[in-house]
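Numbers restart at 1 for each chain; the letters A, B, ... are given by sequence-line order, proteins then strands. A quick note: this is a predicted structure, and the numbers were derived from the prediction, not measured.
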2 protein chains.
Amino acid sequence: MDQRVKKKATIYDLSVLSGSSPSTVSAVLNGTWRKRRIKESTAETILGLAERHQYTTNLQARGLRRSRSGLVGLMLPVHDNRYFSSMAQTFEGHVRSRGQCPVVVSASRDPEEERRTAETLISYSIDQLFIVGATDPDGVHEVCEPAGLKHINIDLPGAKAHSVISDNYEGARMLTEAIIRHFGNDAPLRPDELFLFGGRNDHASRERIAAFHATKKALLGADPEDGVQSSGYSPDITLRAFETFYQRHGKLPRALFINSSINMEGLLRFMAGRPAEMFSELVVGCYDYDPFGSFLPFPVIMVRQNVEAMITKAFELIDEPPMVPQTFLIAPELIQPRSALKGPLDTLKDIA
Amino acid sequence: MDQRVKKKATIYDLSVLSGSSPSTVSAVLNGTWRKRRIKESTAETILGLAERHQYTTNLQARGLRRSRSGLVGLMLPVHDNRYFSSMAQTFEGHVRSRGQCPVVVSASRDPEEERRTAETLISYSIDQLFIVGATDPDGVHEVCEPAGLKHINIDLPGAKAHSVISDNYEGARMLTEAIIRHFGNDAPLRPDELFLFGGRNDHASRERIAAFHATKKALLGADPEDGVQSSGYSPDITLRAFETFYQRHGKLPRALFINSSINMEGLLRFMAGRPAEMFSELVVGCYDYDPFGSFLPFPVIMVRQNVEAMITKAFELIDEPPMVPQTFLIAPELIQPRSALKGPLDTLKDIA
DNA sequence: TTGAAAGCGCTAACAT
DNA sequence: ATGTTAGCGCTTTCAA
């Protein structure tokens, strides 16, 4: 491509061209010139020159001087997931509307990586950090805190910073109940026919599992000990859990509580290559919402977490944090089978 | 939280503590000290002090001085989409392994926003920019070029910078053929029973539509003019297109070519609340891959674009760009119904 | 083997 | 109503 890269104009260039000082140019350019009582005509001249020379602020220089960057960070476990990517989408909208620049990165659910990532972002002097689904939120806190970086946990709570999470217990209770009720009275579900797959030793999973147990006991009067198959947040481990189950029992349960769309993909992998009829009696509850998942050939009841509300609350909290770390619960929503809901994309204009 | 934010240590602090000059400290800290012939012992002292005082480089200062930041940008149309978010996932891996910091932002398929976003990133002195699915790639080029920012188009090509895109014509040809062949010889598809929904006036859509027409003509011997319903990249516009079609014809086509998973969501919205039987005869080809979409109650043939190959090629090209702007085609893959493929997440370790 | 010093582009306190 | 100046923290010649 082209060789001659015209060096970018600086306030000094404009200062020379306009005959005013760098500080005047600076004030004009960043809008503080009214209160510096700079003549309208001076301002206009400078603005005109800036325009003509395509001046743009060097944000690294400004950031160095101000010791903040205008960047706002969002740290996700992974990008490739509808729940988290809709967080990113929603987050971006909020940050943009505040005139700042969103920066989205992922940290692979790895505590080390989470801390390293936070450190890197701090080195760029980001202004705020939103920590989503961190494996070790308090570890991240330990690096944010001494740097004076405002931060907040979302989706998985920490003990040392404010947290906004969805009401996992209530969501799982609704979901478990919905699964059980789905069977009605002709062929009511037996306690040993409902299993939970997925989950891990994190706050969300523990809450969901607790609600699952409690609701089973309340509605079915019993709850066999082996009703839960942890398989992390990995499709393949979940696949193996299903295979193991199938080998042992010769069939799948009639009803499944699946801990997330990622585990749900494990079920899909199990389905692949097996006859569709094998799943015709199945009823699934999935703690996550995916429009495609909602239309599978068997009933899939889903829980949708309220991403918009979580992000909104998180911004409120990060702006005026209460004195003592608190965790806020956001109510999720139960979604009946065959529902196609709107998402963050629907607010974007689109020209066909 | 805590009030006393210990100011971060700088090379000057270490310089005082170690009794050597800032430049020595700098050299030690960024690893160039061997070739500056600095005594091993000096280096060790400094490294030790850095450790003890939790020194971390101020990347804005370094960036200002070097006039580049170590940030590598990825500009997506939207986050909330499996295709694009898997790009982000793959991209991050590549950038991280090069010791740089990935920054993912979206620009809503809005040419203005695309340019503004590029400008902002340039103001932060990012080192490279990967432009995915831009509505106006050449507009973005016009802002990158004078700033001397290396950039490359992915998914949608531009005329002025190198581009890596998937082979949309061949993908759409395979997909159209697969849809038609799906019907076999007992109830062969008539040309007026196969419609394309979605798409827009961009390079990818044009190629796919061209292949769709050509393949219909080749295999079915005819191709009615009205076989294509453009509906952009919007679920709701696609929904309306289906409703209009349904009102006019009293039924859906037997076979659909759907231009992307976003348009596919329009079909889901149409399905919601309508009886499942209405879709029992349907055969769908979707130009995008989604594991859940693959298991819908009717056959869904999908095309998966090779994200890993595209990103890899893009990095190759941005590192050693050929003299003249070129477009590289990456072959996509035809996915049979009921397939659950692995994705970028599968390479992450996960502890259950 | 190391230090001094200039300067990246900007902001803000202090002059005038 | 505007100019001067001193940095922000780092890299990098050039000297020693």
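- The 5' end of DNA chain D is approached more closely, in terms of each residue's nearest nucleotide, by B:Ala61 than by the other of B:Ala61 and B:Thr24.
- Using a 4.0 Å heavy-atom criterion, one finds that A:Ser26 contacts the bases of the nucleic acid, with or without backbone contacts as well.
- No contact: A:Thr32 has no heavy atom under 4.0 Å from any strand.
- When rounded to the nearest whole Å, the span between CD of A:Gln60 and P of D:dT11 equals 12 Å.
- Using a 4.0 Å cut-off between charged nitrogen and carboxylate oxygen, A:Glu40 and A:Arg34 count as a salt-bridge pair.
- Taking atom CG of A:Asp13 as the reference point, atom P of C:dG9 lies 8 Å away to the nearest angstrom.
- Classification of B:Glu44 and B:Lys39 as a salt-bridged pair fails, no side-chain N sitting under 4.0 Å from a carboxylate O.
- Contact annotation: side chain of B:Arg65 to base of C:dG9, donor-acceptor pair absent below 3.5 Å.
- For A:Lys7 and C:dG9, the shortest distance from a side-chain N or O to OP1 or OP2 is below 4.0 Å.
- Regarding contacts with the backbone of D:dT11, a side-chain N or O of B:Asn30 is found under 4.0 angstrom from either OP1 or OP2.
- In this entry the distance linking CG of B:Asn58 with C1' of D:dG7 reads 14 Å, nearest Å.
- For A:Arg66 and C:dC8, the CZ to C1' distance is 18 Å, given to the nearest whole Å.
- Between B:Arg116 and B:Glu119 no salt bridge is recorded (no basic side-chain N to carboxylate O distance below 4.0 Å).
- One can place CZ of B:Arg62 at 9 Å from P of D:dT12, the figure rounded to the nearest angstrom.
- The distance between atom OH of A:Tyr12 and atom P of C:dC8, rounded to the nearest whole Å, is 8 Å.
- Residue A:Arg37 is classed as a base contact, given a heavy-atom separation below 4.0 Å to a base.
- A:Arg36 contributes a side-chain N or O that forms a donor-acceptor pair with the base of D:dT2 under 3.5 Å.
- For B:Glu113 and A:Arg96, the salt-bridge test passes: some basic side-chain N is under 4.0 Å from an acidic carboxylate O.
- Remark: B:Asp127 does not engage B:Arg98 in a salt bridge, criterion side-chain N to carboxylate O under 4.0 Å.
- Taking atom CZ of residue B:Arg34 and atom P of nucleotide C:dT1, one finds them 10 Å apart after rounding to whole Å.
- Rounded to whole angstrom, the span from the NZ atom of A:Lys35 across to the C1' atom of D:dT2 amounts to 16 Å.
- Both B:Leu64 and B:Ser23 lie close to DNA chain D; mapped to their nearest nucleotides by heavy-atom distance, the more 5′-ward contact belongs to B:Leu64.
- Each of C:dA4, D:dC10, D:dG3 was ranked by its minimum atom distance to the side chain of A:Ser21; first place goes to D:dG3.
- Side-chain N/O atoms of B:Thr42 and base N/O atoms of C:dT2 include no donor-acceptor pair closer than 3.5 Å.
- In this structure, B:Thr10 reaches the sugar-phosphate backbone alone: every heavy-atom distance under 4.0 Å involves primed, P, OP1 or OP2 atoms, never a base.
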